[in-house]
Amino acid sequence: MSLTTETRAELEQIAARYPQKRSGLLPMLHLVQSVEGRVTPEGIETCAEILEISPAEVSGVATFYTMYKRKPVGDYHVGVCTNTLCAVMGGDEIFAKLKDHLDVGNDETTEEEPGKKSITLEHLECNAACDYAPVMMVNWEFMDNQTPDSAVKVVDDLRAGKEVTSTRGPRICSWREAERVLAGFPDDRVDEGPAAGEASLLGLRIAADRGWTAPSDNASGRTGTEPTTAEGAVEEADTARAETETKQQEAADE
Amino acid sequence: MSDVDTLTPVLTKDWGTDRSWTLPVYESRGGYASLKKALTMAQDDIIAAVKDSGLRGRGGAGFPTGMKWSFIPQDNPKPKYLVVNADESEPGTCKDTPLMMASPHVLVEGVIISSFAIRANTAFIYIRGEILHVIRRVQAAVAEAYAAGHLGTNIHGSGYDLDIVVHAGAGAYICGEETALLEGLEGRRGQPRLRPPFPAVAGLYASPTVINNVESIASVPSIIEHGAEWFASMGTEKSKGYGIFSLSGHVTRPGQYEAPLGITLRELIGLSGGMREGHQLKFWTPGGSSTPLLTDEHLDLPLDFEGMAGAGTMLGTRAIQLFDETTCVVRAVLRWTEFYKHESCGKCTPCREGTWWLVQTLAAIERGEGSEADLDLLLDQCENILGRSFCALGDGATSPISSSIQYFRDEYVAHLTHGGCPLDPAASTVWGSSLTRSGA
């Protein structure tokens, strides 16, 4: 399969969003994946040509970031968080169950079967939804508060081609369509799903029940308690590293 | 300050409103009024207001935001840039993601005001690629803001021009480190740069660049609207204002709670309905896995920068992960250590090799192999990484290990005497012991 002139034009369009075109490389590789189903040698060559850098440089970038895949990805990418909190809350059991149920290992894709969609299964690091643990992602949409049984139902529905909706988002599109949005070409699903899930709203609900609000406009606290020098600020900040670096900078300035 | 309420929704206030992510709803609730006010102010007065408010960076380190802005050398002829760090990936951290999903416009408004203050005409929002719907919402908010004249050329007749580029990352925890993020944004492998020079002097494209966390930038419109004194009326002496506290794990109701800095964990656990029924708190992270663990001895400490530093840990991102007595601390720490090993960018030896050795040593202990001397070996490995690696990722990798050995040495030893983990992992799951592990 070769990249069409339309794809090439879109890749150039991405590069043109930035003051320096190389900045477009990450979204350009997302677009390559949306068209090719993975990062292909041809996609690498084309990005390199457009950005006027070597294919080795593009390849170096493509192998650094975990969302870029060198092997073909299935119709759906299913990720199970197995970082500590989700793992402890049940993510390990969910991941084990799905490996067994789909008969694949980590970062593997189900066998092609006529009439069935394919799934690539992977375990994930923290996906920023810890209050909904255990968390599963389908094509990078949230599937919150999963159990082994609910996860099996999701993958069975996906394989059967049934429509699946994120627990806190839209109807799930294909992995390739998702990659196109990541490349900066929006689809029409932005208004699907709620503003927030239940866990996100807990504090707000309690505040409403108890009549708690932020202070009124005339509230007044003591200002000017900030340190006045960079050295003072880094001493108070949570990083010994910045403190050392700031001292180096000041020594160099003198 | 005692008259300030326990919870103070500012950033979260619109999250329960229907279609809160859209421009009409945001504007109907007062949105973009701060922008119009800011455009009538002198740029240095905006910087002064943010400085006076006492706002400290919400991405972990707590550096004063206004001071960071004032480091931008305005006599430098190069373009200035604002880059928003929306690469939320620190284990336990889940505040910026719901913020951008429900209220992307408060971020966009903050970006415009902040860019105006530092005289930047291009701003970038670098969002981790793994949160697709959040990216959709931010893309749409930026498009709506252009259409309404909040972005583009000559914004509301002010003569000020600004473009925002929404940039999706591609999976790399290290890109949360500000200089690695800049590398990613320049289309390179996300490996951190040597500082100094700091990004304020030579950042994106070697130009003066401010990099701020989502929550820091989203706090700016409220400071402009209500004033620095209002912001400073919340929080503690040196940790001003409100922040989103994210509770996850073995509490009855995990979720987001926006409160003045200085609230205690005891108060937060109370609001979330207590630890899950029949269980007790064993250990917790105050601000993500890179902040040293605390225990039930620390329930009444103020959750502010100073309170956490006083307990030998850090406030970090207020990502409070709570674990009850069913959780094996060795298993938890091993999993975090595997994460740091996986995410180490490979640039420097102490982190690249050190995190590998930490996993080897810890995994053996978890299997019940080795001797108590291996705990000292682990601490020695930590000492050879902490402060000796290129960036804070290596430092962070040592936090859970050294703090857990400090508080739970006996549990490590129990693995050795027991020939493996003495706890049943099934008991710590959400569904507890009601399911057998036969499916696993």
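No hydrogens, no waters, no symmetry mates; every other heavy atom, side chains included, goes into these values. Naming convention: chains lettered A, B, ... in sequence-line order (proteins, then strands); numbering from 1 in each chain.
Here the shortest heavy-atom pairing between A:S200 and B:P98 reads OG-CB, 3.9 Å. For the residue pair A:A195 and B:A102, the shortest heavy atom distance occurs at O-CB, 3.3 Å. When every heavy atom of A:Y65 is checked against every heavy atom of B:G190, the shortest pair comes out as OH-N, 3.1 Å. Counting all heavy atoms, side chain and backbone alike, B:S89 lies closest to A:C126 at O-CB, 4.2 Å. Residues A:T229 and B:M67 come closest through the heavy atom pair O-CE, 3.5 Å.
Both the backbone and the side chain of A:R168 come within contact range of chain B, judged by heavy atoms closer than 4.5 Å. Within the 4.5 angstrom heavy-atom criterion, only backbone atoms of B:C391 (N, CA, C, O) approach chain A. Heavy-atom distances place the backbone of B:T93, and not its side chain, under 4.5 Å from chain A. Residue contact with chain B, scored on non-hydrogen atoms closer than 4.5 Å, involves the backbone of A:A133 exclusively. Contacts between A:E235 and chain B at a heavy-atom distance below 4.5 Å are absent for every atom of the residue. Only the side chain of A:I94 comes within contact range of chain B, with at least one heavy atom under 4.5 Å from a heavy atom of that chain. A:P19 touches chain B through backbone and side chain together, each having a heavy atom under 4.5 Å away. In this structure, chain B has no heavy atom under 4.5 Å from any part of A:S166. Within the 4.5 angstrom heavy-atom criterion, no atom of A:C47 approaches chain B. In this structure, chain B has a heavy atom under 4.5 Å from the backbone of A:A129, while its side chain stays farther away. Both the backbone and the side chain of A:A230 come within less than 4.5 Å of a heavy atom of chain B. Of the two parts of B:S389, the backbone and the side chain both hold a non-hydrogen atom closer than 4.5 Å to a non-hydrogen atom of chain A.
Residue-environment remark: CG (B:D18) stays at or below the threshold of 12 foreign heavy atoms within 6.0 Å.
Of the possible polar contacts, one joining the A:N127 side chain to the B:E130 backbone as a donor-acceptor pair under 3.5 Å is found. B:R56 places a side-chain N or O within 3.5 Å of a backbone atom of A:E236 that can act as its donor or acceptor partner. Side chain of A:T84 to main chain of B:A332: a donor-acceptor pair is present (N/O by atom type, distance under 3.5 Å, no hydrogens or angles). Judged by distance alone, with hydrogens and angles left aside, the side-chain atoms of B:R189 form a donor-acceptor pair with the main-chain N or O of A:G60 at under 3.5 Å. Listed for the A:Y68 side chain is no donor-acceptor partner under 3.5 Å among the backbone atoms of B:G171. For the pair B:D5 (side chain) and A:T213 (backbone), a donor-acceptor distance under 3.5 Å is present. One N or O on the side chain of A:R22 and one on the backbone of B:G187 form a donor-acceptor pair closer than 3.5 Å. B:T429 places no side-chain N or O within 3.5 Å of a backbone atom of A:M89 that could act as its donor or acceptor partner.
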List the steps and the verdict of salt bridge (charged side-chain N to carboxylate O under 4.0 Å, His left out) for A:R222 and B:D52. CA-CA 9 Å; A:R222 202 155 75 83; B:D52 286 347; over 6 Å; no
Test log, rule salt bridge (charged side-chain N to carboxylate O under 4.0 Å, His left out), inputs B:R136 and A:E141: CA-CA 11 Å; B:R136 278 195 194 93; A:E141 305 281 15; 2.9 Å; yes
With side chain to side chain donor-acceptor pair (under 3.5 Å) as the criterion, how do B:S248 and A:Y132 come out once you've worked through the C-alpha distance, each side chain's angles and the decisive distance to 0.1 Å? CA-CA 8 Å; B:S248 61; A:Y132 298 93; over 6 Å; no
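Your options are A:L29, A:N145, A:V61, and the one with the most heavy-atom pairs under 4.5 Å with chain B is A:V61. Of the listed residues (B:P260, B:S53, B:P79, B:G129), the greatest number of heavy-atom pairs within a distance under 4.5 Å of chain A belongs to B:G129. The candidate with the highest count of non-hydrogen atom pairs below 4.5 Å against chain B, out of A:L201, A:L25, A:D191, is A:D191. Interface remark: of the candidates A:M137, A:H30, A:R17, A:H30 forms the most heavy-atom pairs closer than 4.5 Å to chain B. For the set A:P170, A:A87, A:G24, the count of heavy-atom pairs under 4.5 angstrom toward chain B peaks at A:P170. For the set B:F245, B:F71, B:F339, the entry with the most heavy-atom pairs within less than 4.5 Å of chain A is B:F339. Contact tally against chain A (heavy-atom pairs below 4.5 Å) for B:R331, B:E258, B:K13: the top residue is B:R331. Listed options A:I53, A:T223, A:V190, A:I206 were ranked by heavy-atom pairs under 4.5 angstrom with chain B; first place goes to A:V190.
Residues A:D92 and B:R335 are paired through a salt bridge, judged by an N-O separation under 4.0 Å between the basic side chain and the carboxylate.
The aromatic rings of B:F124 and A:Y18 sit parallel, their planes meeting at an angle under 30°, below the 60° perpendicular limit.
Between the CD1 atom in B:I131 and the CZ atom in A:F142 there is a gap of 6.0 Å [rounded to 0.5 Å]. Taking CH2 from A:W212 and CG from B:L7, the interatomic distance works out to 5.0 Å, rounded to the nearest 0.5 Å. Taking CG of B:L194 as the reference point, atom CD of A:E245 lies at 7.5 Å (rounded to 0.5 Å). Taking CG of A:N139 as the start and NE2 of B:H133 as the end, the distance is 14.0 Å to the nearest 0.5 Å. One distance of note links OG1 of B:T97 with CG of A:D131; it measures 9.5 Å at 0.5 Å rounding. Distance check: B:E90 CD to A:E125 CD gives 12.0 Å after rounding to the nearest 0.5 Å.
Counting heavy atoms from C-beta on, the side chains of B:L132 and A:L182 come closer than 4.5 Å.
There is no side-chain donor-acceptor pair under 3.5 Å between A:N218 and B:W230.
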